[in-house]
Amino acid sequence: MLLLYSSAIFLSAVLLFSLELMVGKMLLPRCGGAASVWNTCMVFFQAVLLLGYAYAHLSTRLLGARRQAMVHLAVVLLPWLVLPVLFRGQSGPTPDQNPSLWLLLQLTAMVGLPFLVVSATTPLLQRWFVQTGHVDSGDPYFLYSTSNVGSLLALLSYPFLIEPGLGLLRQKHYWTAGYALLSVLILGCATVMWLASRQSRKQPLAPDPSRLAAVGTAAQLTTEDNSEAVSPHPSPLRAPTEGWSGEGTKPLRQRLYWICLAFIPSSLMLGVTTHIATDIASVPLLWVMPLVLYLLSFAIVFARRPILSRGLMIAVMPFAVLLLPAFFDQSTIKFWIAVPGHLLTFFIVAMVCHGELASSRPEAGRLTEFYLWMSLGGVIGGIFNALVAPLVFSWVLEYPLMLAAACFFRPAGKGGASRTTFNRRDAAWLAVLIVVAWTVVELSDLLSAQEHLLVGALLYAVPALICLGFNNRPLRFAFGITALYLTAYLYVNAQFGDTLLAKRNFYGVKRVRKEKNRFHCLINGNIIHGLQEMYPRPSAKPLGYYYRSGPLGDILNGLNESKSLNRVAVIGLGTGTIAAYARPGQHYTFYEIDPMVIRLANDPGLFTYLTQCRGRCDVIEGDARLQIAQAPDGRFDAIILDAFSSDSIPLHLLTQEALQLYCRKLKPDGVLVFHISNRYLNLRPALAALAEKNHLVCLARDDFQVSDEEDRNAKYRSDYLVMARRLSHLGDLSKNPQWTRPKSRPGFRVWTDDYSNILSVMEW
């Protein structure tokens with residue numbers, strides 16, 4: 001019996017989370033590979049999970065477990081109306097559509113019904129298990145750990161086994177087969193529960209005292225279909241103190257407590273995911289890491305014997321939260337150090353919040369209600385991050401805000417103050433920390449670049465130690481953390497110049513910064529997407545990755561000499577720097593998915609490359625692959641892809657189908673140019689494999705030797721690759737010793753719309 005129920009719950013969790021990743025990957029290309037795609041998907045999945053838990057709770061309460069099981073077996077058949085999972089459409093959102101709303105509508109049509117049914121499985125089967133009279137039926141929460149183990153298996157196997165080994169088409173078919181097996185297991189669980197309930201009605205004997213001793217509470221079987229099975233004693237776990245939950249607490253306050261404890265880790269999970277994915281690529285591998293830790297914390301705290309002490313997590317949390325600002329400045333901290341720092345802090349915070357949830361869980365009779373409120377908190381966290389925060393905040397404020405909220409809900413320990421206590425001393429300490437934050441920012445203008453790191457560390461360490469002394473006063477500690485994170489954010493940004501503008505939308509946070517009193521820089525996340533010399537007057541000289549002495553200068557200057565570049569397509573706008581290469585009579589067409597970037601590049605007070613262009617420049621809004629498909633075949637002399645510089649790269653622009661599209665839009669002697677400067681990904685093997693499969697000539701050049709003089713004049717290290725049908729079409733590049741044929745990697749599998757593997761190109 002236990003094996004049957006555990007197997008069904010385990011399989012439902014595997015199907016649930018593999019479906020999330022599979023569908024997320026299917027929809028990602030339709031929105032240009034933006035990091036916000038996954039956050040929006042998570043909002044949908046959390047909302048449907050809430051509906052599933054509500055269905056489980058209300059149907060069981062109204063019908064009773066036995067009659068509800070009959071209804072649910074009919075509900076299990078409904079997803080077959082839409083299986084296998086398919087994307088029914090050929091394009092993504094149009095420029096006048098809200099990408100988040102478009103995604104939510106697509107997800108509803110694609111997977112709303114199957115996800116709803118599978119999401120209801122865990123609470124329903126646990127509720128049915130209470131009716132079986134099994135020795136462990138009095139406290140079925142341990143099955144929740146089984147569910148989380150299945151979730152972890154699905155998440156870990158997807159980026160390392162399923163995605164590298166199976167295309168999306170085969171994934172859909174395997175998922176459909178898994179759902180068929182789950183339907184059979186659910187039928188078996190219902191049958192076992194019915195038989196156990198029938199036998200209990202025939203033999204209504206008192207429970208065996210030895211079994212009561214083993215369980216610690218009795219599973220009181222019902223004799224009526226519509227009655228609830230309620231253990232006479234609550235789960236033997238410590239309930240939170242301080243008047244927020246536990247025995248004697250008002251139900252409303254207890255439910256709000258559950259919602260808050262679920263809301264904070266859910267929001268933090270999406271904040272960490274956005275922070276990581278924005279800087280590399282929005283792919284299942286990077287979605288999985290925070291989600292794995294999120295579920296692992298659930299599995300640990302709801303286990304019968306948790307492998308990590310709740311007291312230990314509470315004790316180390318203040319240190320983790322105070323050290324985290326050191327990992328935000330990625331100009332000085334390596335990726336492989338910064339990412340584990342963020343993930344470890346998130347895991348500790350999730351362990352504390354979920355530990356408090358586990359400690360306050362009610363008796364088995366309120367199991368479905370508990371999951372319902374917990375799910376509601378998760379949904380609110382997702383909505384806050386994916387839909388509310390981009391509209392309210394101009395930078396990613398929700399991440400540090402949730403860390404401060406977690407500090408507020410952290411148990412104060414023995415002798416600690418109440419969460420609701422706030423006195424004049426709390427206000428005084430908060431004022432001191434705010435003054436310190438302001439002082440740090442003001443002093444930063446007087447420091448040299450070499451002095452910033454040491455002085456910044458010292459100025460941060462003193463208030464951090466003061467703040468650590470508040471860890472037993474939740475409200476004061478939360479305010480102190482808020483002030484410290486504000487200090488860190490302002491200090492890091494003050495090092496690089498004045499922020500002229502900060503905007504945020506679905507595609508991320510855009511900032512325009514003034515540097516060295518000479519340049520305006522466009523920054524998305526942590527990556528500079530172009531800069532221009534604006535003082536004492538705007539200069540049309542291409543800077544950054546686009547220097548005339550760099551690879552792009554070789555390409556465009558050489559092609560202009562060897563043939564006429566009448567029409568050039570550029571995928572990715574940035575500041576419009578490439579327009580500086582346009583000559584009179586030439587027509588450059590830029591494709592850009594982010595409307596905010598288009599507005600900034602066209603603002604003459606910020607950048608003037610487009611307005612100073614000597615040729616003709618057009619900008620087309622929308623996903624480049626979908627928009628360029630509408631151009632006539634054979635239209636362009638060159639296509640420049642400038643969308644892969646370490647900022648959530650769109651993998652759908654690097655597939656076999658995409659390359660075939662580009663070749664159709666090129667003239668017979670046309671040239672493909674790929675800008676592949678990237679801190680974390682080596683895209684050469686993927687492009688070399690594509691060129692080889694399509695019988696194209698391929699050359700590459702990296703320009704990593706930048707002199708001090710060039711560095712002062714804003715030249716960046718860059719890496720470019722070109723393709724053409726014949727070597728002669730590349731002009732003088734074939735004679736330039738700096739341009740070499742990239743080495744293909746034996747056995748490298750060509751990326752397609754059905755298959756891609758980010759692991760194969762990561763630079764560890």
Side-chain angles (χ1 to χ4, degrees), residues 32 94-96 520 522 529-534 537-548 550-643 653 661-675 720 722 724 729-731:
T94 59
D96 60 338
H520 283 184
L522 174 62
H529 281 263
L531 73 164
Q532 183 177 5
E533 186 172 9
M534 296 294 290
R537 63 183 62 86
S539 169
K541 179 182 178 181
L543 304 177
Y545 308 107
Y546 315 100
Y547 237 70
R548 292 192 183 275
L552 185 63
D554 287 351
I555 297 166
L556 294 180
N557 292 332
L559 293 178
N560 274 318
E561 296 300 327
S562 62
K563 60 182 178 181
S564 177
L565 287 179
N566 294 319
R567 293 184 180 272
V568 177
V570 183
I571 295 177
L573 175 61
T575 59
T577 309
I578 295 178
Y581 283 94
R583 298 184 177 184
Q586 293 180 339
H587 185 182
Y588 277 53
T589 303
F590 290 86
Y591 294 90
E592 174 58 52
I593 194 171
D594 190 340
M596 184 66 67
V597 170
I598 296 175
R599 287 196 290 271
L600 296 179
N602 279 285
D603 186 341
L606 300 175
F607 305 100
T608 62
Y609 282 121
L610 294 181
T611 56
Q612 288 183 287
C613 178
R614 293 184 297 164
R616 177 184 171 187
C617 287
D618 294 331
V619 180
I620 297 178
E621 182 181 343
D623 178 72
R625 183 168 160 184
L626 300 175
Q627 295 298 327
I628 202 171
Q630 301 177 23
D633 290 349
R635 182 176 183 82
F636 299 111
D637 298 287
I639 298 177
I640 303 172
L641 290 99
D642 183 26
L653 299 181
L661 171 66
Y662 306 147
C663 289
R664 289 199 306 271
K665 304 306 171 183
L666 282 174
K667 293 179 179 179
D669 63 344
V671 176
L672 279 174
V673 181
F674 295 85
H675 176 204
Y720 280 80
V722 294
H729 297 163
L730 297 176

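Under the 4.5 Å side-chain criterion, counting only non-hydrogen atoms from C-beta, L522 is not in contact with L531. Contact check for T577 versus F607: no side-chain heavy atoms found under the 4.5 Å cut-off. At least one side-chain heavy atom of I578 sits under 4.5 Å from a side-chain heavy atom of I640. By the 4.5 Å heavy-atom criterion applied to side chains, V570 and T589 are not counted as neighbours. Between V671 and L559 the shortest side-chain heavy-atom distance falls below 4.5 Å. Side-chain contact between Q586 and V568: absent, with no pair of heavy atoms (C-beta onward) separated by less than 4.5 Å. Here the side chains of I598 and F590 are not in contact, with every heavy-atom distance at 4.5 Å or above. Residues I639 and I628 form a side-chain contact, since some pair of their non-hydrogen atoms from C-beta on lies under 4.5 Å apart.
At least one donor-acceptor pair under 3.5 Å links the side chain of Y609 to the backbone N or O of K541. Formation of a donor-acceptor pair under 3.5 Å by the Q627 side chain with backbone atoms of I620 is not found in this model.
Judged by a 6.0 Å distance limit and a 45° cone about the ring axis, R583 is not positioned over the six-membered ring of Y588.
Checking each of L610, T611, V597 against N602 for a side chain to side chain contact (heavy atoms under 4.5 Å, CB included) leaves exactly one that passes, namely L610.
Rounding to the nearest 0.5 Å places OH of Y720 at 4.5 Å from CG of L552. Here Q630 contributes atom CD and Y591 contributes atom OH; the two are 8.5 Å apart, rounded to the nearest 0.5 Å. Remark: M534 CE to H520 NE2 distance equals 5.5 Å, nearest 0.5 Å. Remark: H529 NE2 to L600 CG distance equals 12.0 Å, nearest 0.5 Å. Here CZ of F674 is found 9.0 Å from CG of L653. Values are rounded to the nearest 0.5 Å. Note that CD1 of I571 is 10.0 Å distant from CZ of R625, once rounded to the nearest 0.5 Å.
No side-chain donor from either of H587 and N566 sits under 3.5 Å from a side-chain acceptor of the other.
Applying the salt bridge (Lys or Arg N to Asp or Glu O under 4.0 Å) rule to pairs touching residues 662-674 yields D633-K665, D637-K667, sequence neighbours excluded.
Classification of the Y545-H675 ring pair by plane angle, with boundaries at 30° and 60°, yields tilted.
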